Visitor: 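Have a look at the structure that comes next, please.
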Amino acid sequence: MLIEEDKSLKAHNTFGIECNAKYYVSVTSVSELKEVLANVSHKKHFILGGGSNMLLTQDIDALVIHINIKGIEVLSETKNTVQLRVMAGENWHEFVLNCIQNNYGGLENLSLIPGNVGTAPIQNIGAYGVELKDTFISCNAIDKEALVEREFSKRECDFGYRSSMFKREAKGHYIITSVVFELTKKDHIKSTSYGAIQEQLAKKSLLDPSIKDISEAVIAIRQSKLPDPKELGNSGSFFKNPVIDKEAFQEFKIKNPRAPFYEVSPTAFKIPAGWLIEQAGFKGKQYGDAGVHKNQALVLVNYGNATGNEISELAIRIQKKVKEQFGIYIEPEVNII
Ligand code: EPU
């Protein structure tokens with residue numbers, strides 16, 4: 001294993017922020033990961049997956065451990081389903097495409113989400129009516145203190161909207177090394193009720209779409225709204241969609257009768273942060289090299305050489321204005337380092 005010094009992380013975060021790691025190592029197996037952890041104090045390391053959900057605002061004065069463990073293995077199969085173990089360093093979208101090629105259904109709506117398989121459960125990635133938890137069986141993770149690997153069931157992960165126990169109570173304690181999914185081999189359960197998917201399928205007159213058709217529809221929608229991190233640095237949705245209680249919602253609805261919303265439960269209502277940010281006047285705005293994307297106000301972008309702090313200052317400015325205008329606090333989805 002090669003330990004590099006003063007390594008630029010620009011190519012390792014999808015925002016494309018220029019920051020350095022004091023030390024950097026890329027591990028390609030669970031045993032290599034254990035070996036590195038055994039030799040470094042836990043306060044002095046930083047775990048890096050696909051770098052797609054973080055905003056770097058400072059150099060990292062620690063050993064950055066890049067989880068680069070690859071492999072996809074069939075664990076078991078029945079006539080209708082297959083269970084796959086996927087190692088944490090696999091690229092998420094390449095894994096989804098691999099499933100589509102094998103006609104394994106369940107992940108097609110999650111096409112083109114940036115990041116790696118090992119980080120996907122942390123925030124229970126989701127899009128177009130499907131979340132990771134819908135096909136998740138279990139994951140293996142290393143306890144950073146005890147240096148032992150253990151299995152976590154779906155129940156233990158306690159998934160919620162863009163959240164899991166790995167993001168809450170167990171934050172920083174474990175490193176996910178592999179994830180087990182159960183996918184369908186036939187009679188796929190297709191989730192096409194989301195408006196944009198229906199429009200896309202109708203454009204192609206697809207009445208009975210295959211999982212490949214759905215994946216292609218999702219790719220087309222995402223490409224039309226969301227910037228490609230390879231062309232324009234970004235981290236997907238920067239904020240979570242806020243959930244407000246019934247009383248606050250009723251007041252909000254009177255003042256904003258045309259606002260889109262989603263009823264999570266009879267007492268909880270989700271308001272699209274993208275709508276709030278657009279109404280607050282930020283959509284398409286640019287401040288230096290930091291900006292708000294022109295097609296999706298939920299996405300902050302780096303036009304070239306923005307620093308993490310410039311993006312973070314823009315985020316704070318947006319939060320303040322949204323709070324002032326609507327009385328609603330929007331919480332970042334991205335981890336600010
Ligand atoms: N909207 C606006 N202006 C905007 C953006 C959105 O008015 O600039 C309105 C839309 O018109 C629509 C509503 O907000 O009525 C919802 O927009 P959209 O369907 O695009 O979804 P979203 O709430 O903005 C969420 C996820 C996305 C995911 C999409 C599709 C979160 C934080 N984001 O976005 O996830 O792809 O739904 O399911 O939940 C990500 O996490 O990186 C991500 C892109």
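These numbers come from a predicted model, not from an experiment. By convention here, the first residue in the shown sequence is residue 1. Just so you know, these numbers use all the heavy atoms, side chains as well, and skip hydrogens, waters and symmetry mates. One-based numbering, in listed order, for ligands and for the atoms of each.
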Visitor: Okay, side chain of Asp158, backbone of Met165: is any donor-acceptor separation there less than 3.5 Å?
Guide: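 It does not hold such a pair.
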Visitor: Output the list of atoms in ligand 1 that are nearer than 4.0 Å to some heavy atom of Tyr161, sorted by atom number.
Guide: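 So the answer, numbered in order with elements, is 31 (C), 32 (C), 39 (O).
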Visitor: Measure from the ring center of Phe252 to the ring center of Phe261 and say whether it is less than 6.0 Å.
Guide: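 No.
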Visitor: Who's the nearest protein heavy-atom neighbour of atom 24 (O) of ligand 1, and how far?
Guide: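 Scanning the protein heavy atoms, the shortest distance from atom 24 (O) of ligand 1 goes to Gln296 NE2, 3.1 Å.
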Visitor: Closer than 4.0 Å to some heavy atom of Gly236 - which atoms of ligand 1 meet that?
Guide: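 In order of numbering, the contacting atoms are 42 (O).
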Visitor: Are Lys270 and Tyr161 side-chain neighbours, meaning at least one heavy-atom pair lies under 4.5 Å?
Guide: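 Touching, per the 4.5 Å side-chain cut-off.
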Visitor: Check whether any N or O atom of Ser235, backbone or side chain, sits under 3.5 Å from an N or O atom of ligand 1, and answer yes or no.
Guide: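 Such a contact does not occur with ligand 1.
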Visitor: List every atom of ligand 1 that sits less than 4.0 Å from any heavy atom of Phe239, numbering the atoms from 1 in the order shown and giving each element.
Guide: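 Counting atoms of ligand 1 from 1, those under 4.0 Å from Phe239 are 32 (C).
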Visitor: Quick test: of every protein heavy atom, which one is nearest to atom 30 (C) of ligand 1, and how far off is it to 0.1 Å?
Guide: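 Nearest protein contact, heavy atoms only, for atom 30 (C) of ligand 1 is Tyr128 CE2, 3.3 Å.
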Visitor: Flag the pair Glu251 and Lys255 as a salt bridge only when some basic side-chain nitrogen lies within less than 4.0 angstrom of an acidic carboxylate oxygen.
Guide: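 Yes, this pair counts.
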Visitor: Under 4.0 Å from atom 11 (O) of ligand 1, is there any protein heavy atom?
Guide: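 Not a single protein heavy atom is under 4.0 Å away.
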Visitor: With heavy atoms of Lys283 as the reference, note each atom of ligand 1 found under 4.0 Å away.
Guide: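 Per the distance check, 3 (N), 4 (C), 8 (O).
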Visitor: Measure from atom 2 (C) of ligand 1 to every heavy atom in Glu331, Glu278, Glu333, Lys294 and give the option owning the shortest one.
Guide: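 Residue with the shortest heavy-atom distance to the ligand atom: Glu278.
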Visitor: Return the residue, atom name and 0.1 Å-rounded distance of the protein heavy atom closest to atom 8 (O) of ligand 1.
Guide: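 Answer, as residue, atom name and distance: Ala297 N, 2.8 Å.
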Visitor: Please confirm whether His293 comes under 4.0 Å of ligand 1, counting heavy atoms of the residue only.
Guide: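 Contact check His293 vs ligand 1: negative.
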Visitor: State, to 0.1 Å, how close Ser111 and Arg222 come at their nearest heavy-atom pair, and which atoms those are.
Guide: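 Closest approach of Ser111 to Arg222, heavy atoms only: O-CD, 3.3 Å.
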Visitor: Yes or no, since that's all I need: does a protein heavy atom fall within a distance strictly under 4.0 Å of atom 5 (C) of ligand 1?
Guide: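 It does: a protein heavy atom is found less than 4.0 Å away from atom 5 (C) of ligand 1.
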Visitor: Right, does atom 17 (O) of ligand 1 have protein non-hydrogen atoms nearer than 4.0 Å?
Guide: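 Flag for atom 17 (O) of ligand 1 set to false, no protein heavy atom closer than 4.0 Å.
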Visitor: Which heavy atom of the protein is the closest neighbour of atom 42 (O) of ligand 1, given with residue, atom name and distance?
Guide: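 Scanning the protein heavy atoms, the shortest distance from atom 42 (O) of ligand 1 goes to Ser237 N, 2.8 Å.
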Visitor: Could a heavy atom of Arg162 be found less than 4.0 Å from some atom of ligand 1?
Guide: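 Judged by the 4.0 Å heavy-atom criterion, Arg162 does count as contacting ligand 1.
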Visitor: Could you check atom 1 (N) of ligand 1 against the protein and tell me its nearest heavy-atom contact, residue, atom and distance included?
Guide: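 Scanning the protein heavy atoms, the shortest distance from atom 1 (N) of ligand 1 goes to Trp275 N, 3.8 Å.
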Visitor: Do Arg150 and Glu156 meet the salt-bridge criterion of a basic N to acidic O distance under 4.0 Å?
Guide: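 Looking at Arg150 together with Glu156, the answer is yes, because their closest N to O distance falls below 4.0 Å.
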Visitor: Return the residue, atom name and 0.1 Å-rounded distance of the protein heavy atom closest to atom 25 (C) of ligand 1.
Guide: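 Its nearest protein heavy-atom neighbour is Asn241 ND2, 4.2 Å.
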Visitor: If you compare all heavy atoms of Leu276 against all heavy atoms of Pro242, which two are closest, and at what distance to 0.1 Å?
Guide: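 In terms of heavy atoms, the two residues are closest at CD1-CG, 3.9 Å.
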Visitor: Identify, for atom 36 (O) of ligand 1, the protein heavy atom at the shortest distance, and state residue, atom and that distance.
Guide: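 For this ligand atom, the closest protein heavy atom is Arg222 NH1, 3.4 Å.
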Visitor: I'd like to check which ligand 1 atoms, numbered from 1 as shown, lie under 4.0 Å from a non-hydrogen atom of Leu298.
Guide: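 Checking each atom against Leu298, I get 24 (O), 32 (C), 33 (N), 34 (O).
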Visitor: Closer than 4.0 angstrom, basic N to acidic O: yes or no for Asp187 and Lys79?
Guide: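 No.
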Visitor: Taking only heavy atoms of Pro260 into account, list the atoms of ligand 1 that are under 4.0 Å away from them.
Guide: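 Taking each heavy atom of Pro260 in turn, ligand 1 has 15 (O) under 4.0 Å.
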Visitor: For the NZ atom on Lys320, are there more than 12 heavy atoms of other groups (residues, nucleotides or ligands in this structure) within a distance under 6.0 Å?
Guide: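 No, because the 6.0 Å sphere around NZ of Lys320 holds 12 heavy atoms or fewer from other groups.
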Visitor: Locate the shortest heavy-atom distance separating Ile221 from Gln200; write the atom from each residue and the value.
Guide: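 For Ile221 and Gln200, the tightest heavy-atom pair comes out as CG1-OE1, 4.1 Å.
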Visitor: Search all heavy atoms of Tyr329 against all heavy atoms of Lys323 and return the closest pair with its distance.
Guide: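 Minimum heavy-atom separation between Tyr329 and Lys323: N-CD, 4.1 Å.
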Visitor: Run the salt bridge (charged side-chain N to carboxylate O under 4.0 Å, His left out) test on Glu216 and Lys212 for me, step by step, so that the C-alpha distance in whole Å, both residues' side-chain angles and the decisive distance to 0.1 Å come before the verdict.
Guide: CA-CA 6 Å; Glu216 284 170 1; Lys212 187 162 188 277; 3.1 Å; yes
Visitor: Does ligand 1 have any atom that is closer than 4.0 Å to a heavy atom of Gln123?
Guide: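 Under 4.0 Å: no for Gln123.
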Visitor: For the ring pair Phe181 and Tyr104, is the centre-to-centre distance below 6.0 Å?
Guide: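 So the answer is no for these two rings.
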Visitor: For atom 19 (O) of ligand 1, find the nearest protein heavy atom and state the residue, atom name and distance (0.1 Å precision).
Guide: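 Here the nearest protein heavy atom works out to Tyr194 OH, 2.2 Å.
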